[in-house]
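A short write-up of the structure that comes next.
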Amino acid sequence: MTSKSASPAPPPHTLRSVLPVLALCWLAVFFDGMDVNIYGAVMPHMLDDEGLGLTPASAGTIGSWTTFGMLIGALTTGNITDWLGRRPVLVASVTLFSVGSAVCALAGDPALFGTGRFIAGLGLGGLMPLCLAMVMEFAPPRRAALITGILMTSYHAGGMAATGLGLTLAPSIGWRWVFWAGVLPVVIAVPLLLKLLPESPGVLFARGDLARAHQVADRYGLPRPTAAEAPEGGAKARFAAVLALFRPESRWATPLLWLASFCGLLLVYGVSTWLPQMMRASGYGLSSSVSFLLVINAGGVVGMLIAGRTADRFGAVKVSAIWFVLTAIGVLLLKSHLPLGITYVVVALTGIFLFSAQVMVYAATNTVYPAGERAAGLGWVTGVGRTGAVLGPWLGGAFVANQNEGWGFTTFALAGLLGAFAIVLVPLAARTGRRSPVPEPSPALRTPRSGAGDPA
């Protein structure tokens, strides 16, 4: 017999219980944000480096190759993480974008530099959905949006670090040293992730490792995983997981989430890549133009905290829609050559809304997909959204190359309005799907739900 004293009660499932996982994922996403923003921070210096041979058009193409790698990484990771395990895939992602940064630092021509950015993109694309899925799994359900917002402050802290490196290292010792700083994640983050990051209890349960699954769940105050919540492994199950995103309850909400993510990531990566150069072309000085990237990321940190707390109260969908509209207004204001002080304020306010509008799209997936589908759902929302991330840098490069920066600002503003339209329709689409007659699924595609229904 086993006495009750032999199985101590797990700690309460609170915000504090998720902090160890949040801290490790925060560090990983910090380096993600640093690597993504390094390119925009040093691009003016790279364009001035005649030995490299970079042009605005080729710079935009390279930016798109980066995000194309991210597209492949996000789609691949979302469908193998439940099979191989989240911790090893996360470590592989960090290693990949560190290697890519080293290739960029060594590159002597745009082709090799673009190869390095593509390699980095493979790792960057896989990391974000993994970290989001991890913190959502470990977070208390009613704090999912807040935890997501806190996690994403790290992306902008990393962006600020990249801008600081661009402002200090690039003018004095050259832009290559900024990319050498992008190798630090494999030295700092990888050992910590291997030693301290727990594996997903749901993944462990799906592998049949029930003892470890229960151990991890008990340690972090989580409910023990059940068959209804655990992802299945194998290629057949991965295919079924994708089909499950189009079950009647979510078949209309899924493409709307994809469209909202497309618009959000077009904005995020278009602005992150081209804001310094677009502002420089609009008449601002080089130092001021690069500083705008620092300011917009500082606004992003504040915005994540505001959006997370607000979304926990009013819902991620409402916050995302309003934030998209406010982003469009801010981007349009940047078309005008305002006094420098006012421009800094507009850039900061735009940063508050720009990045968290996209992140609240991720948080909204928590209300559409049950636990067993969430990793695949997030992977596809981020992965399909990466097509916007591919298009954004290319568009920015095309506008700058043709000296049409004003049209660039207008295009980004229209993307914000379209994103607001898409995300605001998600609840209606989900309700419509739930009211539709539900045919009995085949056993291979059936994913049972818990009695509590969709997470709030």
Side-chain angles (χ1 to χ4, degrees), residues 15 18 22 26 29 33 128-129 131-133 135-136 139-157 250 253-254 256-268 271 296-332 346-369 374 377-378 381-382 385 388 412-431 454-456:
L15 187 62
V18 77
L22 177 61
W26 196 98
V29 176
M128 189 70 72
C131 288
L132 285 165
V135 298
M136 283 187 179
R142 293 185 179 275
R143 290 290 179 264
L146 175 61
I147 292 293
T148 303
I150 293 173
L151 172 67
M152 292 305 296
T153 62
S154 60
Y155 177 91
H156 304 290
S250 56
T254 290
L256 287 169
L257 286 168
W258 289 359
L259 177 58
S261 183
F262 168 87
C263 294
L265 288 173
L266 186 151
L267 272 165
V268 166
V271 171
I296 202 168
N297 276 291
V301 172
V302 176
M304 291 299 170
L305 298 174
I306 295 173
R309 293 187 66 86
T310 307
D312 276 338
R313 182 173 181 182
F314 298 104
V317 168
K318 291 179 182 178
V319 171
S320 181
I322 295 170
W323 264 225
F324 267 126
V325 172
L326 293 173
T327 297
I329 294 171
V331 171
L332 281 177
V346 173
V347 170
L349 290 173
T350 303
I352 288 175
F353 303 116
L354 165 63
F355 302 102
S356 48
Q358 167 64 22
V359 172
M360 290 303 106
V361 174
Y362 298 149
T365 63
N366 207 39
T367 66
V368 175
Y369 305 119
R374 198 164 296 143
L378 270 172
V381 167
T382 55
F412 291 145
L414 290 173
L417 294 177
L418 181 58
F421 175 77
I423 194 66
V424 82
L425 291 178
V426 166
L428 176 62
R431 288 195 298 270
D454 290 338

Holding to ring-ring contact (aromatic ring centres under 6.0 Å, His included), I want the full list of residues that pass it with Trp258, two or more places apart in sequence or in another chain. Phe246, Trp380

Spacing of Thr327 atom OG1 and Ile322 atom CD1 [to the nearest 0.5 Å]: 11.5 Å

Side chain to side chain contact (heavy atoms under 4.5 Å, CB included) evaluation trace for Tyr155 with Met128: CA-CA 10 Å; Tyr155 177 91; Met128 189 70 72; 3.8 Å; yes

Interatomic distance, CZ@Phe262 vs CG@Leu257, rounded to 0.5 Å, equals 15.0 Å

So, does Ser356 use its side chain to make a donor-acceptor pair with the main chain of Ile352 at under 3.5 Å? yes

Ala260 and Ala422 have their tightest heavy-atom pair at N-CB, 3.8 Å

Distance col, row Leu326:CG vs Thr350:OG1, nearest 0.5 angstrom, shows 9.5 Å

Between Ile296 and Phe355, is a side chain to side chain contact (heavy atoms under 4.5 Å, CB included) present by the stated rule, with each step listed? CA-CA 9 Å; Ile296 202 168; Phe355 302 102; 4.0 Å; yes

Partners meeting side chain to side chain donor-acceptor pair (under 3.5 Å) with Ser261 (sequence neighbours left out): Gln358

Ignoring hydrogens and geometry, is there a side-chain-to-backbone donor-acceptor pair from Ser320 to Val317 under 3.5 Å? no

Should the ring pair Phe353 and Trp323 be called parallel, tilted or perpendicular, given that the plane angle runs from 0 to 90° and is split at 30 and 60? perpendicular

Nearest 0.5 Å, what's the OH-CE distance between Tyr362 and Met152? 6.5 Å

Which side chain to side chain donor-acceptor pair (under 3.5 Å) pairs, counting each pair once, include a residue from residues 417-430, with sequence neighbours left out? none

Pair Leu256, Ile423 - check side chain to side chain contact (heavy atoms under 4.5 Å, CB included), show working. CA-CA 6 Å; Leu256 287 169; Ile423 194 66; over 6 Å; no

When rounded to the nearest 0.5 Å, the distance separating OG1 of Thr254 from CG of Leu259 is 12.5 Å

What distance separates Thr153 OG1 from Asn297 CG, expressed to the nearest 0.5 Å? 11.5 Å

Which of Val361, Leu417, Val424, Leu354 passes side chain to side chain contact (heavy atoms under 4.5 Å, CB included) with Phe324? Answer is Val361

If you take all heavy atoms of Met360 and Ala311, which pair is closest and at what distance? SD-CB, 3.6 Å

Could you tell me which non-hydrogen atom of Ala429 sits nearest to which non-hydrogen atom of Ala253, and how far apart they are? CB-N, 3.7 Å

